[in-house]
Structure formats: structure tokens, C-alpha cells
Number of protein chains: 2
Amino acid sequence: MQKQEFKDRIYSELATLTKAMANPYRLQIIELLAQGSRTVEEIAGQLTLSIANASQHLQVLKGANMVSLQKEGHYAHYRLANEDIYAVWQSLRDLGINRMAEIDRTLREFREEKSSFQAISIDELLQKIDQDNVLILDVRPEKEYKAGHIPQALSVPIDQLAQRIVDCPAGQEVIVYCRGPFCVFADEAVELLRERGITASRLDEGFPDWKRRQLPISVPL
Amino acid sequence: MQKQEFKDRIYSELATLTKAMANPYRLQIIELLAQGSRTVEEIAGQLTLSIANASQHLQVLKGANMVSLQKEGHYAHYRLANEDIYAVWQSLRDLGINRMAEIDRTLREFREEKSSFQAISIDELLQKIDQDNVLILDVRPEKEYKAGHIPQALSVPIDQLAQRIVDCPAGQEVIVYCRGPFCVFADEAVELLRERGITASRLDEGFPDWKRRQLPISVPL
DNA sequence: CAATTATTCAATAGATTTATTGAATAATTG
DNA sequence: CAATTATTCAATAAATCTATTGAATAATTG
């Protein structure tokens, strides 16, 4: 094989892969599937897309071997084809957060309204778990909690938080986590908790990031 | 800011960033600039693009804040805007190498011809440096070696290797590195060395990967 | 087996991306 | 200041991407 042909093949394949990711909805699909497998209908619902359009985006990801599907009855369950895909999303996301002025601006603006700008890292959380008396809340939908969660965390889906807030002992420090830095559940939870006078902050990443660091997780049998 | 507007803004910005990378030439530019800054002319020459076309691709990368430029005389010197960009390239590249059948096939085919399939990792090289008597060759152009290299390495640009090969003591184990896994210099070097009966293998990553791991490097004053 | 349901397919129009060409700009040299 | 040089800009046509629409498929239910 000639040098030129080699380069052409390699880089055009990699560009194809990159193109498959290069769409706002498909990035959201990747992030959503990092929480576990989903049907076309569920994905379309989450992203407010038509079913046909969601299916089409999934075909693009499948064409790049980034997702795989398993048919059960007349449902197609899509999942990420492998873990490395999440690694790419992670580095892309972090580049955006750390280096893109426009994303930084959007995050600040959104979080100022919610008073949720303060966040702690996974490393800081690990320290707190060892040293302090900290309450960890998983505010994702229960289904996602059940599919795997941080061992010490309680499941309090964001839409149940308002009713269950009384359970929280006064003076208790609370750390809230959700799907990741662009998932608004944790921001909404912090807003709600602070309004009730509870000291709460966000984890700056999500459960998939915790999991990828090979930290202990609780999973169903 | 509404939840929907927040998500729309964030993900469309990230998709813009991804789109800026999603082209075979622009991926090559990112990789090339990871070796140091380059003028438009140099980039066009390396990738066999017209000057106007190379400039246009650079505008796209600049529009996404992925490269910056410094004008000197009538040359524009382009460089990567920050290090996180290389991290994205790295994870994308590794996804391709580890998970894409078509890329794996191309790499195998190319390296079978060059007998350069055997490679060692940076970790293995670090061990060898400590324990064994190993000769490390940097086969990139001299300019790149001078801009920074693995401390123990000798500079033997690939086009000088054939003449200088006599210097190598018999029985000496040789490790060759270049720009990265898709740079063919190390493959060509291994082919040449093996033809002359020298035990040689590639490093499976390149100098930018060594550097990003914060390992010691030799740099000019 | 007809009706229902989840998903995919196919066709289309509008938007975006790409390479090419040649002219415009702006710094340097003679 | 005219000529040269490196780069950018602008215009264009071909290719590709995107959302929408409605029909096709294939599994399940009554």
C-alpha cells in the first residue's frame, strides 16, 4: 500500500467517525445512551424529536459502529457500542467546558439563576465520603439509579425531591449528582435545596464519569 | 434561561466544535500542529493541498477557536489553541485504532508490508530505558526533534537513516518513534533497519503523546 | 388473520460543506 | 514606489447533511 493511500484511508475513516458525532442531537443521544440502553421512542421523547428523525440519527450512529441494537418484541434497544465512545465524548465535553468562551458563558448564566455554580469534583467527593458526614443524592430517574449508582447515594428523582425534602436533617451537607455537567437535574435540585436553607452543591461530573474511573458502583443482581 | 434553550445552546456549540474537526484534512492539520507551529505554506505542502484550500481549512479551525495564529512578516504561523484539543484527537484516534474494523485492517495491511506491526508502548519503553541497553531513534525531521524530544533519543531523520545506519552496533536493540501511530516514518525506519538485520520496533504512540504524559523532555534553551 | 404498534425506509427540498478558481490584501524587497 | 510574496477573500458548482412527510415492514395482540 502506498503511503498516500494509507493516509487517505485512515483519515477519511476517522473523519467519518467524527462526522457521525458532529450533530447536536447525536451528541445528546451518545450522552443519553451512556446511562443505559434506550428504545427509539424513549430517545425521541427525551430529545423532542420525531420518531422517524430519531431513528435516522440512530442509523447514522449505527453506520459508524458507535451504537448497536438488540431487538426485543417490536422494540429496538439501542446502546453505545463500546466504552471508548464515551471517552471521546468526555474529552470533547471537557474541551468545550474549559476552553470555549460561549459554552462557559451559557453555563455561568444558567447556573447563576439556579445558584448552582459551586460544584465539587469526584476527587473532592471521595475525600468527603471518607472524612465528613455527607449525604449524596442521585436525582436521575429511578430507572437509571437502579441500573447503577454511587454506593452511598440515595435515589431521589428530581420530580420527587420537593415532597421528600423534609427527610433531610438540618445542617446536613448535601451533594447532588445526575447524568453529567449538561444534565440540569442536579442544578434544579441544588436550587430547590438552597431555597429551603440546605447546604447543597453539585458534583461537577455525572455517574458515567464516576463509573469510567473504575470507582465502586452499586449494581442490581 | 429555559432548560430547552440551555441544552440547545450547549449542544449546538459542541456540535460546531465537532464539525470543525470532522474532515480528513483538518484532522491531519491538528496532528501536524501538535508537532509545533506551521505556516500555511508548510501545511499545504505536507498535506498536498492548494494554498487557498489549506487556508480555508485553517479558517474553519480558527472559527472554532481550535487554532490561533501569529503573523510574522508576511507569514502566518498557526498553532493549536490549547492542549485539550490534542486530548480530543487522542481519544478519537484511539477509538479508531481499537474499535474500527476498517482502520485496524488498513493498519495491519500497511504494517505487514513493512514488518512493522510489532510495537511497544510508552510504559514498556520506560521500563526498557531503566533496565536494558536500548537505542532510541527520533526519525522525524530535525526541526521537530529540535523543538522537543525524548531525552535519550538521537535525531536520525528518516531520509538520512539509510546512510547513517552503519553507526548502529550489532546486536543493539533499537526503538524508533515519530509523530504518532499514523505517521509512517517509524514504519519506514523499522522496515529499513530490519532489512539490515537490526532488531527494531516502533513506539506505538508519538512524541506529543509522550509529552502529554508529562514525561521528561529535552527542549531547546 | 385483521388491527395495532414500534421502527425503518424512501423521497424531497433547503441548508451546509467542499474544492477550485482567480482576484484582493498586506507586508517585504529591490 | 513598483514588484514580489504569503495569505485571505469571494464566487461558484457539486456533494453531502438535515428535517419532514408518508408509506413500508415486521412483530404483537385481539
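Reckoned from all heavy atoms, side chains included, excluding hydrogens, waters and symmetry mates. Residue numbers begin at 1 in each chain, while the letters A, B, ... track the order of the sequences.
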**Student:** NA contact type, A/Leu69, heavy-atom cut-off 4.0 Å: base, sugar-phosphate, or nothing?
**Tutor:** sugar-phosphate
**Student:** For A/Asp8, what residues pass the side chain to side chain donor-acceptor pair (under 3.5 Å) criterion, not counting sequence neighbours?
**Tutor:** A/Gln4
**Student:** Nearest whole Å is fine: how far is C/dC9 P from A/Asn53 CG?
**Tutor:** 15 Å
**Student:** Going by the ring-ring contact (aromatic ring centres under 6.0 Å, His included) test, which pairs reach into residues 7-55 of chain B, not counting sequence neighbours?
**Tutor:** A/Phe182-B/Tyr11, B/Tyr25-B/His57
**Student:** So which of A/Glu31, A/Glu205, A/Glu144 actually passes salt bridge (Lys or Arg N to Asp or Glu O under 4.0 Å) with A/Arg179?
**Tutor:** A/Glu144
**Student:** Expressed in angstrom and rounded to an integer, what is the separation of B/Gln70 atom CD from D/dA6 atom C1'?
**Tutor:** 16 Å
**Student:** Show which side-chain atoms of residues 59-80 of chain B pair as donor or acceptor with protein atoms under 3.5 Å away, not counting sequence neighbours.
**Tutor:**
residue	atom	partner	partner atom	Å
B/Gln59	NE2	B/Tyr78	OH	3.4

**Student:** Check the distance between C/dT7's C1' and A/Ile51's CD1 and give it to me in whole angstrom.
**Tutor:** 8 Å
**Student:** Do nucleotides 22-30 of chain C as a string where each nucleotide becomes B, S or -: B if the base has a protein heavy atom under 4.0 Å, S if just the sugar-phosphate does, - if no protein is that close.
**Tutor:** B----BS--
**Student:** For B/Thr106, enumerate each residue passing the side-chain contact (heavy atoms from CB on, under 4.5 Å) test, keeping only those at least two apart in sequence or located in another chain.
**Tutor:** A/Met1, A/Phe6, A/Arg9, A/Ile10, B/Glu102
**Student:** Between A/Arg108 (side chain only) and A/Ile103 (backbone N and O only), is there a donor and an acceptor less than 3.5 Å apart?
**Tutor:** no
**Student:** When you measure from the side-chain N and O atoms of A/Tyr78 to the phosphate of C/dT8, is any distance below 4.0 Å, counting only OP1 and OP2?
**Tutor:** yes
**Student:** To the nearest Å, give me how far apart CD (B/Gln56) and P (D/dA11) are.
**Tutor:** 13 Å
**Student:** Tell me whether the NZ or CZ atom of A/Lys211 lies within the 45° cone about the ring axis of A/Phe207 and under 6.0 Å from its centre.
**Tutor:** no
**Student:** What stem regions, each of at least 3 consecutive Watson-Crick or G-U pairs below 3.5 Å, can be found for DNA chain D?
**Tutor:** C:1-30 with D:1-30
**Student:** Check whether the side chains of A/Gln118 and A/Arg202 place a donor and an acceptor atom closer than 3.5 Å, and report yes or no.
**Tutor:** no
**Student:** Test of understanding: with side-chain contact (heavy atoms from CB on, under 4.5 Å), list the residues that count as partners of B/Ser218, not counting sequence neighbours.
**Tutor:** B/His149, B/Pro151
**Student:** Could you grab the distance from atom CD of A/Gln46 to atom CG of A/Leu49, nearest 0.5 Å is fine?
**Tutor:** 11.0 Å
**Student:** Holding to salt bridge (Lys or Arg N to Asp or Glu O under 4.0 Å), I want the full list of residues that pass it with B/Glu42, two or more places apart in sequence or in another chain.
**Tutor:** B/Lys143
**Student:** Partners of B/Ser121 by side-chain contact (heavy atoms from CB on, under 4.5 Å), sequence neighbours excluded?
**Tutor:** B/Asp123, B/Glu124, B/Asp204
**Student:** For DNA chain C, which residues in residues 13-41 of chain A have a heavy atom at a distance below 4.0 Å?
**Tutor:** A/Thr39, A/Val40, A/Glu41
**Student:** Check the side chains of B/Arg140 and B/Gln35 for a donor-acceptor pair under 3.5 angstrom, ignoring hydrogens and angles.
**Tutor:** yes
**Student:** If the condition is side-chain contact (heavy atoms from CB on, under 4.5 Å), which residues does B/Gln160 pass it with, not counting sequence neighbours?
**Tutor:** B/Pro157, B/Arg164
**Student:** Rounding to a whole Å, what distance do you find between A/Ile43:CD1 and C/dA6:P?
**Tutor:** 15 Å
**Student:** Rounded to whole Å, how long is the line connecting atom NE2 of A/His77 with atom P of C/dT8?
**Tutor:** 12 Å
**Student:** So if I take every side-chain heavy atom of A/Ala76 and compare against D/dA6, C/dT8, C/dA19, which nucleotide ends up nearest?
**Tutor:** C/dT8
**Student:** Using a 4.0 Å cut-off on heavy atoms, which residues in residues 57-65 of chain A reach DNA chain C? List them by number, or say none.
**Tutor:** A/Gln59
**Student:** Are OP1 or OP2 of C/dT7 and a side-chain N or O of A/Ser55 less than 4.0 angstrom apart?
**Tutor:** no
